[in-house]
Protein chains: 2
Amino acid sequence: MPAPARTSTDAVVSAGRAIIERDGLAALTMQAVAAAVGVRAPSLYKRVAGRDGLVRLIADQAAMEVAAQLDDAIGGVDPAADLRALAAALRAFALRNPATFPLLFDPRLAGVSPEARDRSVGAVRRVAAALAGAEHELPAARMVVAWANGFVTMELAGAFQLGGDVDEAWDYALDGLVVALGRREDRGGRV
Amino acid sequence: MPAPARTSTDAVVSAGRAIIERDGLAALTMQAVAAAVGVRAPSLYKRVAGRDGLVRLIADQAAMEVAAQLDDAIGGVDPAADLRALAAALRAFALRNPATFPLLFDPRLAGVSPEARDRSVGAVRRVAAALAGAEHELPAARMVVAWANGFVTMELAGAFQLGGDVDEAWDYALDGLVVALGRREDRGGRV
DNA sequence: ACCTGAACACCGTTCAAGT
DNA sequence: ACCTGAACACCGTTCAAGT
């Protein structure tokens, strides 16, 4: 008589993510996850490719969430406003998921799944194209994403310790990005 | 008769860093480090506050190195050229130390030692002040550092997978940063 | 004063045996 | 078809005993 499944991959991933956010990545043990879903550690190997596989699934789940929230953030009318909304959505997600977010760009994972990545960049590319022109879409999107990820990464790491207002630095850079991406209008006018 | 020291904290830290760069962070075991310096694992606890303490010292050592290389990179004549040189030095360090670099902004370390941090930001702040004016020094420096760190972090994580030339994106963003930081000259001219 | 073997608690993972 | 206890290899860390 086949034994019925007592948990699911989704439950395992969510439990793992909750553990990371509550107690940190080091607390993510197979036994802790198993206990959280009401099973024994060896059973997890039916759902997940070991601890490393679980971490990757957590990162993928988070990446899909970010993508959805970036999509929701843009309105499509004012490109500059969309850029700010996009960045704000990313930052809000990171501050709400401070332990999970850094997984998205962990070099040990060598990137998140292609589907999650493609969804995430879609919104950014549209805004970048609207601001910088289609011919600069890719480098403009990369500039925005690099800055935003770097900023929240440093914020999460507690790297802004020289005083000053972190929110002011955030707004200053966003103003600068709008100017920088929109600068093609100045071409030829001056050096 | 007191036993003579058979290794040193420096040797332990360097050996640990070499292991990380060669085989990854997961290969950094106390036994591997001990073997590399010719000692048994328990002896390392005389030099280093456990594995976590060792990782922190590796990050601090790397941070001091980055700081020195950033200092060396700037010439002091042309601020825009200094910005490019600064960014290039950071990127070169990251590509030469792909496993160590991400430790610098690992939230689990909650930042690198204050001395290393202060040294690192010194060069960036000078360049930021020269480009953006003293009144915007801090937010300008944060914009530059956030972008540069974000860019190389994504590059190391293999996050630039949409094709296109990564170097082109790098140069595009640097051009944009020069424009963005120097935009105070445009104040009042237009919105 | 530092080094070591032995020991402890804990971890990821495998697998034969259960149902 | 999934779950489990038992087992294995490995890890970080402590500490009494050596020199």
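Throughout, a chain's letter reflects where its sequence line sits, starting with A, and its residues are numbered from 1.
Side-chain N/O atoms of Ser43(B) include none lying less than 4.0 angstrom from OP1 or OP2 on dC2(C).
In this structure, Pro42(B) and Pro4(B) both approach DNA chain C, and ranking their closest nucleotides by distance from the 5' end singles out Pro4(B).
Checked for salt-bridge contact, Asp78(A) and Arg84(A) miss the test: no charged N lies under 4.0 Å from a carboxylate O. Electrostatic pairing of Arg126(B) and Asp71(B) counts as a salt bridge here, judged by a charged N lying under 4.0 Å from a carboxylate O. Residues Glu65(A) and Arg96(A) are not paired through a salt bridge, judged by the lack of any N-O separation under 4.0 Å between the basic side chain and the carboxylate.
Test Tyr172(B), Phe101(B), Trp170(B) against Phe151(B) for ring pair (Phe, Tyr, Trp, His ring centres under 6.0 Å) and you get one pass: Trp170(B).
Among the nucleotides dT13(C), dT14(D), dT4(C), the one closest to any side-chain atom of Val39(B) is dT4(C). With dT13(D), dT4(C), dT4(D) as the choices, the nucleotide that has an atom nearest any side-chain atom of Arg40(A) turns out to be dT4(D). For Arg6(B), the listed nucleotide lying nearest its side chain is dT4(C); candidates were dC2(D), dT4(C), dC11(C). Of the candidates dT4(D), dG12(D), dG12(C), dG12(C) carries the atom nearest the Gln31(A) side chain, counting heavy atoms from C-beta on. In this structure, the nucleotide among dT13(D), dG12(C), dC2(C) sitting nearest to the side chain of Ala41(B) is dT13(D).
dT19(D) is paired with dA1(C) under the Watson-Crick or G-U wobble criterion, all donor-acceptor distances under 3.5 Å. Partner assigned to dC8(C) is dG12(D), using Watson-Crick or G-U wobble distances below 3.5 angstrom.
Separating the CG atom of Leu25(A) from the P atom of dG12(C) is a distance of 11 Å, rounded to the nearest angstrom. In this entry the distance linking CG of Asp23(A) with P of dC11(C) reads 12 Å, nearest Å. If you measure from atom CG of Leu54(A) to atom C1' of dT13(C), you get 14 Å, rounded to the nearest angstrom. A straight line from NZ of Lys46(B) to P of dC3(C) spans 8 Å, rounded to a whole angstrom. Summarising the geometry, the separation between CZ on Arg47(A) and P on dA1(D) is reported as 13 Å, rounded to the nearest angstrom. Residue Tyr45(B) contributes atom OH, which lies 17 Å from atom P of dC8(C) at whole-angstrom precision.
Leu44(A) comes within 4.0 angstrom of no nucleic acid atom, judged by non-hydrogen atoms across all strands. Thr29(B) comes within contact range of the sugar-phosphate backbone alone, with a heavy-atom separation under 4.0 Å but no base atom that close.
By the rule that hydrophobic residues join a cluster once side-chain heavy atoms approach within less than 4.5 Å of another member, Val124(A) and Leu181(A) end up as members of one cluster.
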